[in-house]
Amino acid sequence: MDSAFAAAVRRRLEEVLDPELDESIVSLGFVRGLELKDSVLTVTLKLPTFWCAPNFAFIMAEDVRRALSTLDGVREVRVALEDHFAAEEVCGGVNLGKSFPETFPGEAESDLDALRDLFRRKGFIRRQEQAIRTLADAGLSFGQICALRLADLQLAGDRFIVAGEGGSVSVPAEPITRYLKRRSEFGLDASPEGPLFVDLSGRPFTPEGLAAYLRRARLVRTSLEANVFLCRALLAARNATEGGGQNVPHG
Amino acid sequence: MYRTADGQEIFVIDGHIHFWDASPENWRNQYGEGWIRCFYDYHTALSPAEYVWPFEKYCKYSEEDLIKDLFIEGYVDIGIFNSTYLTEFFKNGFNTHVQNNVLKQKYPDRFILCGTFDPRWGEAGLYEFRRMVAEYPIQGLKLYTAEWRNGSRGWKLTDPMAYRYFELCRELGIKNIHVHKGPTIYPLNKDAFDVHDVDQAATDFPDLNFIVEHVGLPRLEDFCWIATQDKNIYAGLAVASAFIRRRPRYFGEIMANLLSWLGPDRILFGSDYALWSPRWIIEDFMAYELPADIKQEYGVDLTLDIKRKILGENAARLYSIDIEVHRQRLKSDPIGRRLQAAA
């Protein structure tokens, strides 16, 4: 595998998220190995525990396959799960292009779209909370935050310049970019005049409503972040006790 | 008993302990090994280095290890056995009420013994359940919804047959139900960690107490929402408590959320021994202060009075333990005498 190809694979894998954690499988360290042989690309994943839920494992394996199957020079993508209780079933199903209910006959009532959607929504709330927190930390009031339109943000390098009544402020771009990316996936008002912050049904917030909303949102964030920490710690412990293999380096 | 620097005594009930046998001889298949290796990763991931055991000891530890780690060195006064069966993974089970009862018989005032039910036992199991309660000093139940059984990978508290068992709990006077979610449950396309079935059961059985172990992690948010609705839902701190050393800030945020959504009276300490040893967790917990910005943002505090509730008083209330009476009794049991001799 030449380095340009490996870089292209890596870029695509960075876009694949652990649906439950809403983080890239590359930055989480789940990608354990890549191999290209006779145009068959095999991606080996190692999850934080032997028992990670088979539905989420299936989603990740399916997304890896989708993300890489259109790469030049790749005839087929295979996913391998290292040391997982349901590896045979999950990989057997995904690599043959089977659906989840076909893979687990009698054990699943439907495909995983509802589960994906539920966790995309949780991820939206977490990202939104982080974006609002970023703006509040920069000194904006809830009133100012609620009044922001998409057009009020200007990207400047790794900062956003946010226009407001009392002059503009500069905030780190990353939390806002992450939020905007997820926001764009929900078919919400994307016009320049559209409100920056809306709930999942598209309604803008009032300053009073925002306080109550944030109380729940920060609980979602706490839960997700605690879970991300635990998964990282478990994977590190697992690699330390079991050894072997090389993670794809991530920056 | 934890003694503060100024001599105050804090009665400690560890709401979540195990005495397991995961020795290779007891593995039924690769899942038994997979189970204990996964536990060991939890152990090494969050324990301070000086508390990490070798894997062999972790598979099977002695009675004396448990007595020492909990009672002699670990500040614990009473431990609640969260019996865990896993008979499809372990030949004799992982830590069944039968195994745990050996220690309960030796030190009756030191342990609370949980039994279990599984709705997939069906009608015939109702009789077995009665017999378990008649033959063993069962004071509570531990339910693990991701237990495998005859090709099924789990169940829900709202299964009609589960309700038959809850009705039987009422009849037999068993009030405390410890619930733990795991990664597999039928149907597999649903979120296995979802706790909404606990919400429904808690609404339908308001006279039973549902202690959700691991505060519903990884679904803390769902847990807090259901616990806000149902006042008979309690937070079991096991796993979350072990964050305190490596990620004190996450621990603080979890505590702040629990205190703000549930209040201080429905949170129960648990170490999940032997996943982790209670000693370092309790020492860290007693020394812990919520970071100032978290206190301010959430409008809560973790005071000594609240720590006292979490470490013992809340669980004592659920299990009708009079702390003063019990404290006196413990002084003269074999462990109490060992403690006095060492003092």
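Here the structure is a predicted model, which is why all the values come from computation and not from measurement. Sequence lines set the chain letters: A, B, ... in the order given, protein chains first and strands last, and positions in each chain run from 1. Just so it is clear, the values below take in all heavy atoms, side chains as well, and ignore hydrogens, waters and symmetry mates.
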Residue A:Asp111 versus chain B: region with a heavy atom under 4.5 Å: backbone
Side chain, backbone, both or neither of B:Ser152 within contact of chain A (heavy atoms, under 4.5 Å): neither
More than 12 heavy atoms of other groups within 6.0 Å of A:Glu88 CD: no
Contacting moiety of B:Val215, where chain A heavy atoms sit under 4.5 Å: neither
Distance flag, aromatic centroids of B:Tyr58 and B:Trp20, threshold under 6.0 Å: yes
Choice from A:Val220, A:Leu234, A:Ile59 maximising heavy atom contacts with chain B below 4.5 Å: A:Leu234
Under 4.5 Å from a heavy atom of chain A, the part of B:Ile185 involved: neither
NZ/NE/NH1/NH2 to OD/OE distance under 4.0 Å, A:Glu129 and A:Arg126: no
Proximal component of A:Phe119, with respect to chain B [non-hydrogen, under 4.5 Å]: side chain
Under 4.5 Å from a heavy atom of chain A, the part of B:Phe193 involved: side chain
Selection from A:Arg218, A:His84, A:Lys122 maximising heavy-atom pairs under 4.5 Å formed with chain B: A:Arg218
Cationic N near anionic O, under 4.0 Å, B:Glu297 to A:Arg133: yes
Between A:Trp51 and B:Tyr42, ring centroids under 6.0 Å: no
Atom group of B:Phe251 that falls short of 4.5 Å from chain A, counting heavy atoms: neither
Most chain B-contacting option - heavy-atom pairs closer than 4.5 Å, from A:Cys231, A:Ser110, A:Ala226: A:Ser110
Side chain / backbone / both / neither for A:Arg216 at chain B, heavy atoms under 4.5 Å: both
SB check B:Glu289 B:Lys295 (cutoff 4.0 Å): yes
More than 12 heavy atoms of other groups within 6.0 Å of B:Lys190 NZ: no
Salt bridge present between B:Lys181 and B:Asp197 (N-O < 4.0 angstrom): yes
Which atoms of B:Asn257 approach chain A - backbone, side chain, both or neither, heavy atom under 4.5 Å: side chain
Toward chain B, the part of A:Phe100 with a non-hydrogen atom under 4.5 Å: side chain
Pair B:Tyr273 + B:Tyr61: ring centers closer than 6.0 Å: yes
